[in-house]
Amino acid sequence: MGISLNPKQLEAVEYRDTPLLVVAGAGSGKTRVLTAKIAWLIEKLSYSPYHILAVTFTNKAAGEMVGRVRDLVGPLSEGVTAGTFHSFCARLLRRHGAMIGFDQDYSIYDAADQRTLIRRVLKELELPETTFSPGMVHSRISRAKNEMAGENEADWFGDSYVDNGVRRAFESYQRALRERNAMDFDDLLVNSVRLLTGDADVLQHYQERFRYILVDEYQDTNKPQYHLVKLLSGHHRGLCAVGDPDQSIYSWRGADIRNILDFERDYPNAKVVILDQNYRSTQNILTSASRLIANNSSRHEKELWSDLGDGDPVRELVFLNDEEEARGIVRIIQAKRRKERRKLRDTVLLYRTNGQSRALEYALRSAGLLYTIVGGLKFYERAEIKDALAYLRYLVNPRDTVSLVRALASPRRGIGKVTIERILDSLARWEGEPGEGLAEAAEEVGRGGAALKAFSDTITLFRSRIREPGVASLTRDLLDDVDYFETLRAEGTIEAETKLENLGELLSGMEEYTRRWGDEADLPGFLEDVSLLTDIDEWEDEGEAVTLMTLHSAKGLEFPIVFITGMEEEFCPLLREADDADALEEERRLCYVGMTRAMEELYLTRARRRRRWGSVLDRLPSRFLGELPADILESVDQMRLVTGSVGSGRSRGAVARHDRSEASDIMPDYEGEDQSADGMYQPGQDVEHPTLGNGRILEVTGHGENTRLIVAFTEAGTRRLMARYAKLRVL
């Protein structure tokens, strides 16, 4: 076939007698096995491509698989059916949907369409959005469908007021979809199962057609997907499922790890082949990851190994706080660029929650390093952060109608588009003080006037505080007053919890801003600081950037250098009071996935203290750190480097110790870095800023770490800067 395989890979490719489960460890070449098996079926066993179905979780993966098969067997590969579960089901229902009441030209509603329809349903049922937010209702309906619970199954929903309301909304939502000849993404799966179980002829046709089925990422299948595979493979029993229980991290969106763990129960004569040779990482990384995941009980036993050598030890870095953690990571990245000629793209920074990116982004920008966010928005581009900043910008600038419109829309307060147009028209005609125009508009707009008057009163109340130094407390009080926090709490979804975490991180950033600027800190200054932080128009991106992403987004990727940040209790693992042992095991799997992304170097970083919701909290090290092998884990405590004591920053267990020169390699340039700006800058000096360009220093105040500058830039105007963060170059 023109492809080299190790003995276990070859065994998986050539096995044909009964259903096959390939337990493919991280980096063990599962895509190679799937590709080779399809080629082997066609070339060696003379399977027609028409009789082969390959199911993946992304269309990109399906396309790559088909391309690789084409490279192996040429035109013989034409006709293989490959795609996602959803794309397969969509084609199935286009052809046979009439049998369950849908025309072939049915619509598929995306997430935005679904929420719009749910909002309409809630209005018709007179269910208040304060209790039944569209996000919460949508989330619960989706979970019900993933469990294949019909809208009339009262036992699934319970009998509380909220449960009864959601069940009514579920019934009305499904009725509304049918009236519109539409399905949502969950319906594509559920309705395909309904079709195949309800029509024996259709089921027989597809069982005869697909004589061999290959399923990638089987550990991520949900209940409807499990039933689809079982139904389609029920006749010929030609089935190859590939996956890894140790990488099952999507239970929150319906994935059921029992599908892969119970494969041998579901298919009693099944063959299991375990791929344990890793082609990605050095042995020390694999040994650490294997020792961690061995603490889980829901798994297939395996020990990953590599012939790439032991490599560097895994390193735990302990910092005083989250800001120092971010700056310490950036120092290492800079040192590796300088001493080892590493590219920025060699490094990825992983975190458990999106809000953790704020400090990392700030440190990277302050150092003039390009970065990119994968699988999410940059911190200040997230909707909830933009909402909060819209309130603040309108407080400072009552002429900013763009921010006004955004603030009026979040949370919803019964002010629609027509009323918005009337408000803007009234403000355009207002000739008095800008800050008083909104109250006048409230008298003119009619419907929505009461809500606008309440909003105007709130803005007037808080506008008096914009020059006060407590930016975080002002923001917290304002968002409390307009029920922004309460609206998210009432939604009760994972997305809403993430938004609350991000808002908490915004408040922490405000506290950091206040610490930097002291008595000069105020809301206008903070907004100016944020404006500078998020303006990247002048950057020249040469395709060279540090990557930032959540642990969930990292699955399937690999990088030479990996930092897993925030290795602390309440972050990694991220657990809630109601969570159980299964939730802890999934958090451990998530950490394992992050660790196995590393090819050459793995850093696990944590802070002794972290600012959350404006308060400085002591942090406990992640329990996962205590589960790693001490003999190949180096621990460097930044505070001990400063005081001259190098070694473990943890009180439990023994770790490898090293002398100061070795520690300096791990935490480069710490002691030699000049943290003082005394005498470095003088009024009248011409300087260059990495993003603002050339300028001239007008004023220098303070000393040491608190040295502040006022700089007149040629194009960016006059800016206030902290010397230690500004990265100015004297010309």
Side-chain angles (χ1 to χ4, degrees), residues 55-60 62 83-127 129 132-153 156-157 165-196 198 220-225 227-228 250 252-255 375-377 383 409-410 412 416-417 491-496 498-499:
V55 188
T56 67
F57 273 76
T58 67
N59 285 309
K60 179 182 178 181
T84 66
F85 276 102
H86 289 91
S87 64
F88 170 78
C89 290
R91 291 195 297 269
L92 178 71
L93 293 168
R94 293 283 180 208
R95 183 171 180 182
H96 304 286
M99 296 179 178
I100 55 172
F102 289 88
D103 294 341
Q104 67 176 7
D105 57 349
Y106 68 87
S107 299
I108 300 174
Y109 278 10
D110 62 17
D113 298 326
Q114 294 165 40
R115 295 200 182 203
T116 297
L117 186 56
I118 287 172
R119 186 170 283 115
R120 188 170 302 170
V121 163
L122 294 173
K123 185 175 181 180
E124 291 173 355
L125 295 176
E126 298 182 346
L127 293 172
E129 285 197 20
F132 298 91
S133 73
M136 179 273 285
V137 174
H138 175 259
S139 177
R140 293 199 56 184
I141 288 174
S142 181
R143 289 206 305 271
K145 290 182 179 182
N146 280 328
E147 289 295 323
M148 299 192 68
E151 58 264 34
N152 296 313
E153 293 186 28
W156 196 89
F157 285 99
V166 172
R167 184 173 60 252
R168 290 172 58 206
F170 191 179
E171 294 169 355
S172 296
Y173 171 68
Q174 289 303 104
R175 185 163 53 250
L177 284 172
R178 286 191 291 270
E179 289 170 354
R180 291 163 175 77
N181 190 36
M183 302 183 207
D184 61 23
F185 290 124
D186 296 316
D187 286 331
L188 294 176
L189 304 177
V190 174
N191 285 337
S192 293
V193 175
R194 284 180 54 207
L195 170 67
L196 294 176
D220 291 333
T221 53
N222 62 18
K223 195 169 186 177
Q225 291 162 340
H227 282 290
L228 280 168
Y250 294 119
W252 50 276
R253 67 185 193 195
L377 296 171
S410 299
R412 291 168 59 86
K417 293 181 179 179
E491 188 170 311
T493 63
I494 294 293
E495 292 86 350
T498 299
K499 289 180 179 181

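Note that the coordinates shown come from a computational prediction; the quantities given were computed from them, not determined experimentally. In what follows, every heavy atom counts, from backbone to side chain, and hydrogens, waters and symmetry copies are set aside.
- Looking at residues two or more places apart in sequence or on another chain, you find a side-chain contact (heavy atoms from CB on, under 4.5 Å) between Val137 and Ile118, Leu122, Phe132, Ile141, Ala169.
- Side-chain contact between Arg140 and Phe170 is absent, with no heavy atoms from C-beta onward closer than 4.5 Å.
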(request) I would like to know whether Arg175 and Val121 meet side-chain contact (heavy atoms from CB on, under 4.5 Å); could you show each step before the answer? (result) CA-CA 10 Å; Arg175 185 163 53 250; Val121 163; over 6 Å; no

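- Leu228 places a side-chain heavy atom less than 4.5 Å from the side chain of Ser192.
- Every side-chain contact (heavy atoms from CB on, under 4.5 Å) that Glu147 has, sequence neighbours left out, goes to Trp156, Lys223.
- Residue Leu195 holds its CG atom at 9.5 Å from SG of Cys89, rounded to the nearest 0.5 Å.
- Remark: Leu93 CG to Met99 CE distance equals 11.5 Å, nearest 0.5 Å.
- Contact between Pro134 and Arg115 at its shortest, heavy atoms only, is CB-O, 4.3 Å.
- Closest of all the heavy-atom pairs between Asn146 and Pro224 is O-CD, 3.2 Å.
- Contact annotation: the side chain of Glu129 never approaches that of Lys123 to less than 4.5 Å [non-hydrogen atoms, C-beta and beyond].
- The 12-atom threshold is exceeded at CZ of Arg94, counting heavy atoms of other residues, nucleotides or ligands nearer than 6.0 Å.
- When every heavy atom of Thr84 is checked against every heavy atom of Phe57, the shortest pair comes out as CG2-C, 3.8 Å.
- Between Arg178 and Phe102, the closest heavy-atom pair is CG-CZ, 4.0 Å.
- Side-chain contact between Ser172 and Glu124 is absent, with no heavy-atom pair separated by less than 4.5 Å.
- When atom types are taken as modelled, the side chain of Asp103 and the backbone of Tyr106 share no donor-acceptor pair closer than 3.5 angstrom.
- The shortest distance between side-chain heavy atoms of Phe88 and Val55 does not fall below 4.5 Å.
- The two residues Phe185 and His86 come nearest to each other via the heavy atoms O-CD2, 3.3 Å.
- Within the structure, salt bridge (Lys or Arg N to Asp or Glu O under 4.0 Å) contacts touching residues 179-189 (residues at least two apart or in different chains) are Lys145-Asp184, Lys145-Asp187.
- The distance from the CD1 atom of Ile100 to the CG atom of Leu196 is 9.5 Å, given to the nearest 0.5 Å.
- Residues Ser139 and Arg143 bring a donor and an acceptor atom of their side chains to less than 3.5 Å of each other.
- To the nearest 0.5 Å, atoms CG (Leu189) and CZ (Arg194) are separated by 13.0 Å.
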(message) For a side-chain contact (heavy atoms from CB on, under 4.5 Å) check, start with the C-alpha distance between Thr221 and Phe85, then their side-chain angles and the critical distance, and finish with the verdict.
(response) CA-CA 9 Å; Thr221 53; Phe85 276 102; 4.0 Å; yes

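- Residues His138 and Arg119 form no side-chain contact, since every pair of their non-hydrogen atoms from C-beta on lies 4.5 Å or further apart.
- Taking 4.5 Å as the limit, every side-chain heavy atom of Leu177 sits out of range of all side-chain heavy atoms of Met183.
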